[in-house]
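Being a predicted model, the structure only gives us computed values, none of them experimental. By convention here, the first residue in the shown sequence is residue 1.
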Amino acid sequence: MTDACDVSAFLMSLELEQLDSIKLKLEQTITQQQEKKRTRSRLPPTFNDLDALAADTGLDLSGLIKDIKRRT
């Protein structure tokens, strides 16, 4: 809880221009992350690229192979 108090105290000490700048940077970061997430989700990995398929499922290559064998 003290971290939230520290952040609040820090923000209260800033001027409006500085707060506006922080807000704009946060909005830009959020927009960039949302665009990156949308771009990633639109492009499914090809089945020929096992490394990309494994990375997309959150598994390593051996884990992906084990998962495929379980499903077949």
Side-chain angles (χ1 to χ4, degrees):
M1 190 70 172
T2 59
D3 290 337
C5 292
D6 293 341
V7 171
S8 294
F10 172 73
L11 292 174
M12 294 295 278
S13 69
L14 297 176
E15 296 179 11
L16 280 177
E17 293 82 17
Q18 292 171 313
L19 291 171
D20 285 338
S21 175
I22 291 171
K23 181 183 175 199
L24 287 173
K25 288 179 184 178
L26 286 172
E27 289 172 346
Q28 288 172 349
T29 302
I30 290 169
T31 303
Q32 288 172 353
Q33 288 177 350
Q34 288 173 341
E35 288 174 2
K36 188 184 289 186
K37 188 176 182 180
R38 271 188 258 134
T39 303
R40 268 190 299 192
S41 64
R42 273 193 246 149
L43 303 172
T46 63
F47 290 104
N48 296 332
D49 188 2
L50 290 178
D51 290 326
L53 186 60
D56 189 56
T57 58
L59 301 170
D60 60 353
L61 195 54
S62 61
L64 178 63
I65 292 170
K66 290 176 187 174
D67 190 48
I68 292 171
K69 286 182 181 179
R70 271 186 270 149
R71 294 179 186 198
T72 58

Once you round to the nearest 0.5 Å, how far does CG of Leu14 lie from CD1 of Ile22?
5.0 Å

Partner set under side chain to side chain donor-acceptor pair (under 3.5 Å) for Arg71, not counting sequence neighbours:
Asp67

Checking Thr29 side chain against Lys25 main chain: does a donor-acceptor pair fall under 3.5 Å?
yes

Do the non-hydrogen side-chain atoms of Leu19 and Lys23 ever get within less than 4.5 Å of each other?
no

Kindly check if the number of other-residue, nucleotide or ligand heavy atoms within 6.0 Å of CD (Glu15) is above 12?
no

Do Val7 and Leu26 land in one hydrophobic cluster if side-chain heavy atoms of ILVMFWY residues count as linked below 4.5 Å?
yes

